[in-house]
Structure formats: C-alpha cells, structure tokens
**Q** 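The structure that follows is given in the form of structure tokens.
Numbered from 1 within each chain, the chains take letters A, B, ... in sequence-line order.
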Amino acid sequence: MLIVPSSSKFTYQNLLDLNDSARATFSPLSVIAHIDINAYFAQYEQLRLNLTPKDPVVCLQWNSLIAVSYAAREYGVSRMDSLQTAKLKCPDLVVAHTAVFKKGEETWKYVDYLPQPVDHKVSLEPYRRESRKMMRFFKEFCDEVEKASVDECFMDFGRLIYSRMVALFPQLGEQQENPRETRLPPLPDQLPKELEDAPGLFIAKEDGQVSVCDWDDVAMLIGAHLGFDLRRKLKKELGYTTSLGIGRVKNIAKLASDFKKPNQQTTVFNDAIPAFFDNFSLTDFWSMGGKVGRQILQDLEVESGRHEVRYIKDNFSLEDLARELKDPQLAEKLYKMVRGELRQPINPRTDVKSMGSHKNFRGKSVSQSSDILDWFKVFVIDLILRLQELDDEIDTQRRPTRLTLYMRNSRNITSSRQCSFPLIRDLDEAKKKVEELSLRLLQELEEHWDTARAGPMYPSTHGGLAFSGFQEISGYSRIDELMKVRAVRRETTASPPPREPTTPTDEGNVCAQCGAEVAPAERAEHNDFHFAMALNDELNTQSYGERLLATRKREPDPPVPAKRAKRDANQKTLAGWSRKLR
DNA sequence: TACTCACAG
DNA sequence: GGCTGTGAGTA
C-alpha cells in the first residue's frame with residue numbers, strides 16, 4: 001500500500017467532530033457504513049431449515065419468488081420467475097413458502113401444504129422478528145444505527161473511528177489550543193500493521209492506485225476493518241452473510257454495499273468518488289429511482305447511461321441546476337449528491353411509526369361487507385400479535401393513537417378512513433377495541449363511499465387495517481408488574497417447553513410443570529402460559545419447506561395466542577359482527 | 001387532521 | 001407483482 005505523506009487538509013476539530021454523534025456526519029473525515037443481508041428472506045429460510053449456503057433455497061409467496069438465494073441464482077433462477085419456471089431451471093430447488101395466516105384463524109405458522117391466496121394471508125413476522133434481533137446486534141456494535149428496511153441499515157462509525165485513530169496514532173489525541181485552526185500532522189511514513197491487508201475491495205483512486213494520502217483515507221481504512229469485523233461477528237452469531245459498503249456519506253455507502261455481492265464489501269476512498277459514480281446512473285441513487293430522477297435527466301437534457309453523474313457535476317453550476325429544475329431545494333440536493341457531499345444524518349428511528357396488515361383480494365371473493373369480516377379477524381390478530389412482540393422486546397410499551405381502514409374497489413380506487421385509537425395497555429382490551437372500531441370504520445366508509453365517482457365499492461380488491469401515531473406510554477405502573485414480565489420472559493427463553501399439553505397438578509403453590517412459585521390467584525394465568533407453550537409445540541409440525549428436504553432446526557416460535565378464555569369471548573364478538581351486518 | 005402519492009425493498 | 005413501510009404534498 002502506497003503511503004503519500006504530506007501536510008493534512010484536515011483540522012483537529014474535524015477529527016474531534018467524529019467523536020460527537022451530532023456532528024460526525026458533517027465532518028470531512030466521516031465514515032458511514034451500509035450493510036445489507038444477502039437475499040434476506042431466502043437466507044432466513046435456509047437457516048431456519050438448517051440448510052447450507054450451497055442449497056438453492058427460494059422464498060415463495062403464492063406463486064412468485066420474493067427472494068432467491070445466491071445458490072439458486074447459479075441456476076439462472078431470478079425473482080421474475082414463477083414457481084414453475086424456477087423449478088424447470090433448477091429441479092432441486094428448495095421452496096420455502098412464507099408463514100401464513102389461514103382465513104379466520106388466530107395465528108400464523110409455516111404450513112405443510114402450498115397455501116392459496118383465496119383463504120390465506122402472508123405473515124412476514126418471522127422476518128421482522130429476526131430483523132429486530134439483527135438491529136439489536138448492530139446497535140451493540142455501533143452507537144448510531146439507522147434501520148433502512150427489514151434487512152439493511154446505516155451506521156455512523158464516527159466514534160469507533162475516533163477511538164481507533166487516537167489509539168493507533170497517539171499524537172492525534174493531544175489537546176490543541178485551537179483545534180479549528182490547527183491542522184492534523186502529516187501521515188507517518190508507515191501505517192501500523194493492524195491497518196495492512198485491509199479487507200474488502202477498494203475502489204481505485206482516479207490514478208488507478210490505492211494510496212493513502214491523508215487522514216480521511218486512514219479513517220476509511222479503519223472503517224473497512226470495522227466493517228469486516230462486524231460482518232464476521234454477525235455471521236458467527238446469527239449466521240447471515242452480508243454485503244457492506246463504506247463511504248463518507250449515506251448515499252455512497254448504499255451504492256457501495258450493492259456494488260459487490262454476495263458476502264463482499266466495498267470501500268470508497270474520497271478521492272475515488274467521481275470514478276466510483278461512473279459505475280452508476282443517476283437513477284441508481286436513493287430517491288432518484290422514480291419519476292424525480294427521470295424528470296431531472298429530461299430537464300437537464302442529459303443522455304441516460306454514460307457517466308451522467310460526472311457529466312452533471314462537471315457541466316452544471318448550482319445556479320444552472322436551480323434554473324433548469326425550477327426547484328431550488330431539489331437543485332441543491334442534486335448539486336451535493338453528484339459530488340458525494342449530500343450529508344444526511346443517521347436517523348435512529350428505533351420506534352415503530354406505523355404498523356399495517358393488508359391483503360389483496362382475488363376475483364370476486366370479497367363481494368359484500370360480510371365477506372371481509374374473516375379477513376378483519378386476521379388483520380386484527382396480526383396487529384395485536386405484533387404489538388405484543390413489541391411489548392416483549394422493550395420495557396417501555398408503545399401504543400398506537402390512530403386506526404386506519406383501507407379499501408380498494410375493482411376500479412383500483414382506494415379509500416381510507418381513520419379514527420383515533422384510545423390508549424389501552426391491556427392487549428386483550430385493545431383487541432376488542434380494534435374489532436369494534438374497525439367495524440365502525442367499515443360502516444362509515446360504506447356510507448361515505450362515492451359510488452357515482454368511484455364506482456361500486458364491491459367487489460373489493462384490497463383491504464387492510466393499520467395502526468399509526470405510536471406513543472410511548474409511561475412504562476409500567478408498578479415495579480412488581482415489570483418484575484413479573486421479566487420473570488416470564490426468562491422462563492420462555494430458559495426452560496424447555498413441555499412436550500404434551502398437560503394440566504399441572506395441585507402441589508401447594510409450586511407448578512408441577514416448571515417448578516415455579518405460583519400464587520393461587522395467578523394459577524389460571526400460569527396454566528394458560530403452559531397451554532400456550534404446548535400449543536406452540538403442536539403448531540411446530542412440518543412445513544412446506546422442510547418436507548421437500550431437510551430436518552428443522554431453527555423454527556421460529558409462533559406467536560403466543562391470547563388467553564384462552566378471552567379468545568372464546570372474542571369469537572363470540574366476531575360472530576356478532578356478521579349478524580350485525582347481514 | 002384526512003387523504004393521496006411517490007419511493008423503496 | 002404482492003406486501004409492508006416511510007415521508008411529503010395537499011386541502
């Protein structure tokens with residue numbers, strides 16, 4: 001590796017800013033990472049079914065492939081294939097259908113047949129659950145993480161880089177009288193051994209050399225090592241192969257993680273940014289993939305395809321862009337973007353913003369309001385189970401403040417209706433409330449439906465319910481309530497579930513199944529817990545994926561059903577809906 | 001606030 | 001192409 005020592009362009013303040021999460025993304029020394037799980041859903045299924053990366057696994061949703069493992073891609077299988085064409089290309093294809101809800105049922109599971117859309121709804125909850133696990137893992141590695149989707153996130157490596165830099169180059173840690181005015185010292189003649197053999201591909205600089213010219217290059221180098229460590233750790237602990245990109249802004253990191261796949265990483269030196277952008281079209285950039293990107297190319301009369309980004313950078317001033325695009329904000333964004341200087345902060349976004357459960361209806365299967373009630377049941381339980389997962393995951397509960405009903409008719413006209421949703425801690429209560437309010441929303445929507453403008457509401461082609469306006473509620477009202485939740489959580493993870501659904505025998509206050517101390521008043525609830533665990537076990541039978549090949553190892557825990565007695569009561573309520581509407 | 005649209009994976 | 005999510009625009 002070529003070292004080119006010269007006086008630094010950067011100041012001590014630039015370095016200090018890395019150590020401040022509010023300023024790091026604006027430092028010229030910034031290092032942002034983007035990580036992406038390769039063919040996520042397919043890889044999840046591969047691990048769930050205890051297969052290897054060599055097995056050609058695909059994830060199926062009805063008849064279409066929603067994820068294709070890299071092993072299956074070797075056979076020419078792509079996301080565009082149907083199940084049938086994919087099997088022609090690869091007879092040994094391992095097909096794992098997503099988990100599903102059966103119409104009218106109250107839980108999702110992996111099933112041992114090929115489910116049909118007319119009476120099933122896909123559940124993506126296993127992937128979301130695993131995603132949350134991975135995000136926790138990333139959060140432990142790095143203090144500033146932005147979840148970008150279910151299988152990718154951005155990280156600001158600023159603090160990690162700062163610490164490594166000061167540790168490796170002690171003179172960088174020396175206090176300065178005037179850090180804003182004081183330049184960093186020149187690079188040493190040799191880099192420490194730890195930074196040699198940097199993992200991952202380096203984008204060559206403009207002159208074709210990989211050379212380290214200034215401290216920003218050193219920061220990138222450390223970033224590459226951090227990225228490699230992160231990927232190795234994730235592979236070891238959770239089993240996933242990933243692609244990763246390192247660059248000075250989010251945009252570059254994102255393009256870089258996509259550049260070499262699977263199981264590889266790319267680091268873009270700052271000097272190499274223009275050369276790196278030559279590999280892409282403007283429409284490959286985040287937020288430019290749709291109309292906006294196309295419109296810009298048209299307004300600027302840029303020929304699509306050949307080094308558009310470099311062309312825009314070299315031929316348009318900020319004023320030119322503002323004039324041609326007639327949108328000063330967009331012009332500024334583009335001006336910075338083509339220079340790799342669009343510095344968007346990491347948005348921690350730890351909290352859920354909204355949560356929806358939707359379904360497209362086939363043919364005329366939903367041709368009157370009574371037809372949709374069984375689907376409502378699925379939407380409701382889907383949402384409630386997901387609220388419960390949130391509760392289980394973090395100690396502060398979050399609750400939605402709005403409920404929205406969506407419907408679409410055969411002319412593809414969508415209408416929605418919202419209402420505020422009361423703050424209810426208890427999920428069984430909340431469930432009843434959703435049932436009640438969604439019914440009311442449906443009636444209101446039917447009343448307000450503008451048949452003259454939109455045509456008839458039925459047959460409906462789409463329906464769904466969504467929670468939004470999530471708020472954190474003040475936490476647990478009593479400390480012992482919190483302790484109880486924690487104790488149950490320990491049990492569910494630590495003790496093996498019973499094989500048979502059995503009733504605990506009466507032996508004082510000690511549960512015969514798990515030996516836990518249970519007060520008589522809580523006995524019923526405790527038994528429900530065992531019932532739920534046993535039911536889970538029962539549901540964990542063979543699935544469509546594994547029947548074709550393997551033995552199961554990493555089956556996800558299906559959702560814990562709501563308490564039995566209350567569920568029966570709710571079924572009565574649901575039956576009531578149908579009567580009310582007929 | 002109510003609703004729609006654009007964009008993304 | 002189906003499903004899920006975020007953010008911005010509009011009235």
**Q** Check side chain to side chain contact (heavy atoms under 4.5 Å, CB included) between A256(A) and all other residues, then give those that pass, not counting sequence neighbours.
**A**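 Partners of A256(A) under the side chain to side chain contact (heavy atoms under 4.5 Å, CB included) test: T266(A), V268(A), F276(A).
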**Q** Working note: K326(A) + E324(A), criterion salt bridge (charged side-chain N to carboxylate O under 4.0 Å, His left out); need CA distance, chi angles, decisive distance, verdict.
**A** CA-CA 6 Å; K326(A) 299 171 187 70; E324(A) 300 299 329; 5.7 Å; no
**Q** Do any side-chain nitrogens or oxygens of R128(A) fall under 4.0 Å of OP1 or OP2 in dG5(C)?
**A**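 Answer is yes, contact under 4.0 Å.
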**Q** Can you tell me the distance, in whole Å, between the CG atom of L255(A) and the P atom of dA8(B)?
**A**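 Checked: the CG to P distance equals 12 Å.
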**Q** What I want to check is whether the side chains of Y110(A) and E45(A) have a donor and an acceptor closer together than 3.5 Å.
**A**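 E45(A) and Y110(A) do have a side-chain donor-acceptor pair below 3.5 Å.
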**Q** Report yes if a side-chain nitrogen or oxygen of R386(A) is closer than 4.0 Å to either non-bridging phosphate oxygen (OP1 or OP2) of dG5(C); otherwise report no.
**A**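 Answer is yes, contact under 4.0 Å.
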**Q** Tell me the interatomic distance from F101(A), atom CZ, to dC3(C), atom C1', rounded to whole angstroms.
**A**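 Checked: the CZ to C1' distance equals 13 Å.
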**Q** Please report the distance, rounded to the nearest Å, between CH2 in W62(A) and C1' in dG2(C).
**A**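 In whole Å, dG2(C) C1' lies 9 Å from W62(A) CH2.
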**Q** Round to a whole Å and report the spacing from NZ of K359(A) to P of dG2(C).
**A**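 Atom NZ in K359(A) sits about 10 Å away from atom P in dG2(C).
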**Q** Name all pairs fulfilling the salt bridge (Lys or Arg N to Asp or Glu O under 4.0 Å) condition that reach into residues 280-298 of chain A, sequence neighbours left out, sorted by first residue then second.
**A**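 Not a single pair qualifies under salt bridge (Lys or Arg N to Asp or Glu O under 4.0 Å).
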**Q** Please enumerate all residues that pass salt bridge (charged side-chain N to carboxylate O under 4.0 Å, His left out) together with R402(A), with sequence neighbours excluded.
**A**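 Partners of R402(A) under the salt bridge (charged side-chain N to carboxylate O under 4.0 Å, His left out) test: none.
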**Q** Short question: side chain of D55(A), backbone of T52(A) - any donor-acceptor pair under 3.5 Å?
**A**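 Between the backbone of T52(A) and the side chain of D55(A) there is a qualifying donor-acceptor contact (under 3.5 Å).
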**Q** Starting at CH2 of W108(A) and ending at C1' of dC3(C), how long is that distance when rounded to a whole Å?
**A**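 For the pair W108(A) CH2 and dC3(C) C1', the rounded distance is 16 Å.
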**Q** Between OG1 of T267(A) and CG of L244(A), what distance do you get to the nearest 0.5 Å?
**A**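 Nearest 0.5 Å value for the OG1-CG distance: 7.5 Å.
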**Q** Does one side chain, of K250(A) or T25(A), offer a donor that lies under 3.5 Å from an acceptor on the other?
**A**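 There is no such pair (donor and acceptor under 3.5 Å, judged by atom type) between the side chains of K250(A) and T25(A).
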**Q** Of the candidate nucleotides dT1(B), dG7(C), dC3(C), which contains the atom at the shortest distance from the side chain of K121(A)?
**A**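 Per side-chain heavy atoms of K121(A), the pick is dC3(C).
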**Q** Using whole Å, report how far CD of Q43(A) lies from P of dG9(B).
**A**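 The distance from CD of Q43(A) to P of dG9(B) comes to 18 Å, rounded to the nearest Å.
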**Q** Should N360(A) be listed as having a side-chain N or O under 4.0 Å from OP1 or OP2 of dC3(C)?
**A**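 For dC3(C), OP1 or OP2 has a side-chain N or O of N360(A) closer than 4.0 Å.
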**Q** For M355(A) and I66(A), take the nucleotide of DNA chain C holding the closest heavy atom to each; which residue's nucleotide lies nearer the 5' end?
**A**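 Result of the comparison: I66(A).
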**Q** Check nucleotides 4-7 of chain B for protein N or O atoms closer than 3.5 Å to its own N or O atoms and list the pairs.
**A**
from	atom 1	to	atom 2	distance (Å)
dT4(B)	OP1	T414(A)	O	2.9
dT4(B)	OP2	S416(A)	OG	3.4
dA6(B)	OP1	K291(A)	NZ	2.7
dC7(B)	OP1	K291(A)	N	2.9
dC7(B)	OP1	V292(A)	N	3.0
dC7(B)	OP2	K291(A)	N	3.0

**Q** To the side chain of N347(A), which of dG7(C), dG9(B), dG1(C) is closest?
**A**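 Per side-chain heavy atoms of N347(A), the pick is dG7(C).
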**Q** Less than 4.0 Å between a side-chain N and a carboxylate O, is that true for R440(A) and E435(A)?
**A**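 No, no charged N to carboxylate O under 4.0 Å.
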**Q** Can you sort out the partners of K235(A) under salt bridge (charged side-chain N to carboxylate O under 4.0 Å, His left out), two or more places apart, ordered by chain and number?
**A**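 Salt bridge (charged side-chain N to carboxylate O under 4.0 Å, His left out) check on K235(A) returns nothing, list empty.
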**Q** Among dT4(C), dG1(C), dG9(B), which nucleotide sits nearest the side chain of H358(A)?
**A**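 Comparing dT4(C), dG1(C), dG9(B) against the side chain of H358(A), the answer is dT4(C).
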**Q** When you check the phosphate oxygens OP1 and OP2 of dT6(C), does a side-chain N or O of S354(A) lie under 4.0 Å from one of them?
**A**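 For S354(A), the contact criterion (side-chain N or O under 4.0 Å from OP1 or OP2 of dT6(C)) is met.
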**Q** To the nearest Å, give me how far apart CZ (R79(A)) and P (dC3(C)) are.
**A**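 Rounding to the nearest Å, CZ of R79(A) and P of dC3(C) are 14 Å apart.
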**Q** Taking only the side-chain nitrogens and oxygens of N63(A), find out if one of them lies under 4.0 Å from OP1 or OP2 of dG2(C).
**A**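 Checking N63(A) against dG2(C): no side-chain N or O falls below 4.0 Å of OP1 or OP2.
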**Q** Output the rounded distance in Å from CZ (F361(A)) to C1' (dG1(C)).
**A**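 Spelled out: CZ on F361(A) to C1' on dG1(C) is 17 Å.
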**Q** Between the protein and nucleotides 9-11 of chain C, list every N/O to N/O distance that falls short of 3.5 Å.
**A**
none

**Q** Base, sugar-phosphate alone, or nothing: which one does M80(A) contact when heavy atoms must sit under 4.0 Å apart?
**A**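 Answer is nothing: M80(A) stays at 4.0 Å or more from every strand.
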